[in-house]
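For reference, the structure is listed below as structure tokens.
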Amino acid sequence: MKRSFYTNSNGPTWSVSRDQQLQACERKYFFQYVAEAKINSPDPWLRGIALLKKLKNIPMWQGECVHLVIAEYLNQAHQKQAPKLDSLLLSLRQRMQREWDFSEKRRFREEPTAVGKTGVALFEHEYDEMPPETSVEALIEKAAKMIRAFHSWAEGESGLAEKVHTADRIWIEPPAWGIEAPGFMAGNVQVITKVDLALHHRGVSFTVYDWKTGKPPRESAEPSQNELQVSVYMLWANRGLKLPLEGVTSRLVYLGGDQAKELCFDLDEERAVETSRIIEDSVRLAQQWESYFEKRRLKLSDLDYAASVEECRRCNFKRVCRANLTPENEL
Ligand code: SF4
């Protein structure tokens, strides 16, 4: 088995989501990153895994559609032509209806390369596990409520539209890979920081935004995974763009309630060092783990299943990992 930590032509990479996968389930990490499954793999087992990698559950898909429509708003706001709410809602509705039709007809099985371009592959369709009473109209309406909350917040108290068109530099849903991708180096590893939006007002501020489609969390003394994520994003400004930490902030904007709720974070030197250490520890663990595969000291059958069977029931890879949990095999 070839080593797969090197997923980018520029060298090895690390991201918060990759770290989360390894912590949640080693087998899942294997299927996602180590198996080197491709849609055109000659091996049918690998082709099957490649298709399963593309599945999204309904909340993930709704969130992705909301993110894309927000990006439409931001791109036009940057040109000083912020679109009206009605046009955003129409765009959302058309996208979701088109993608739902593609998935409902299981067209992703014949056209896997269209997934992510013109269609989506929903977990619930692939596994025939659509909850009863699900309707695409209700799913669209739920996503539309988030867009209304975003639009009202962006045009109102947050002043976002103004900040967007006065920014000296702007990143709107930048690519995760390539020369334009935001990130910084931790040793020989590229840390990927795929922000939703970043605004740089030179000499004044650098602000990273992350849209969340759930409700805001309850207050907790412990930093959440979301806070770790935005801390890594703020490190990009400091380590990658060489900006002083003063003036760098981040905003988690929760769209899952009746109104948008914005939580603000900054990064002091102590927290920056702590975040760097978390990244280095995670990189070391992943590299060591993957080297065991490379040296054939570890194979799939050596890996534990996830701690909770419920986690497995919701997992894209259950057909190749725990087939007894798929509807066709369950008693
Ligand atoms: S089915 Fe369970 S054990 Fe297998 S990859 Fe998924 S979460 Fe992990």
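Hydrogens, waters and symmetry mates are skipped; everything else that's a heavy atom, side chains included, is used. Ligands are counted one by one from 1 in listed order, and the atoms in each one are counted from 1 as well.
Near Tyr305, with a cut-off below 4.0 Å to any heavy atom, the atoms of ligand 1 are 3 (S). Close contacts between ligand 1 and Cys25 involve ligand atoms 3 (S), 5 (S), 7 (S), 8 (Fe) [criterion: under 4.0 Å to a heavy atom].
Cys315 SG, 2.4 Å is the protein heavy atom nearest to atom 6 (Fe) of ligand 1. Of the protein's heavy atoms, Ala306 N, 3.2 Å lies nearest to atom 3 (S) of ligand 1. Atom 5 (S) of ligand 1 has its closest protein heavy atom at Lys28 N, 3.5 Å.
Both the sub-6.0 Å distance and the 45° axial angle are not jointly satisfied by Arg251 relative to the ring of Phe265. Phe123 does not carry Arg314 over the face of its six-membered ring by the limits of under 6.0 Å from the centre and within 45° of the normal. Judged by the 6.0 Å and 45° rule, Lys54 forms no cation-pi pair with Phe108.
The residues Lys212 and Glu262 are annotated as not salt-bridged, no charged nitrogen and carboxylate oxygen being separated by less than 4.0 angstrom. One finds no salt bridge joining Arg277 and Glu280 here, because no Lys/Arg side-chain nitrogen approaches an Asp/Glu carboxylate oxygen to under 4.0 Å.
Among the backbone and side-chain atoms of Cys312, no N/O/S atom is found under 2.8 Å from atom 8 (Fe) of ligand 1. For residue Cys321, no N/O/S atom approaches atom 2 (Fe) of ligand 1 to within less than 2.8 Å.
Phe293 and Phe30 have tilted rings, their planes meeting at an angle from 30° to 60° on a 0 to 90° scale.
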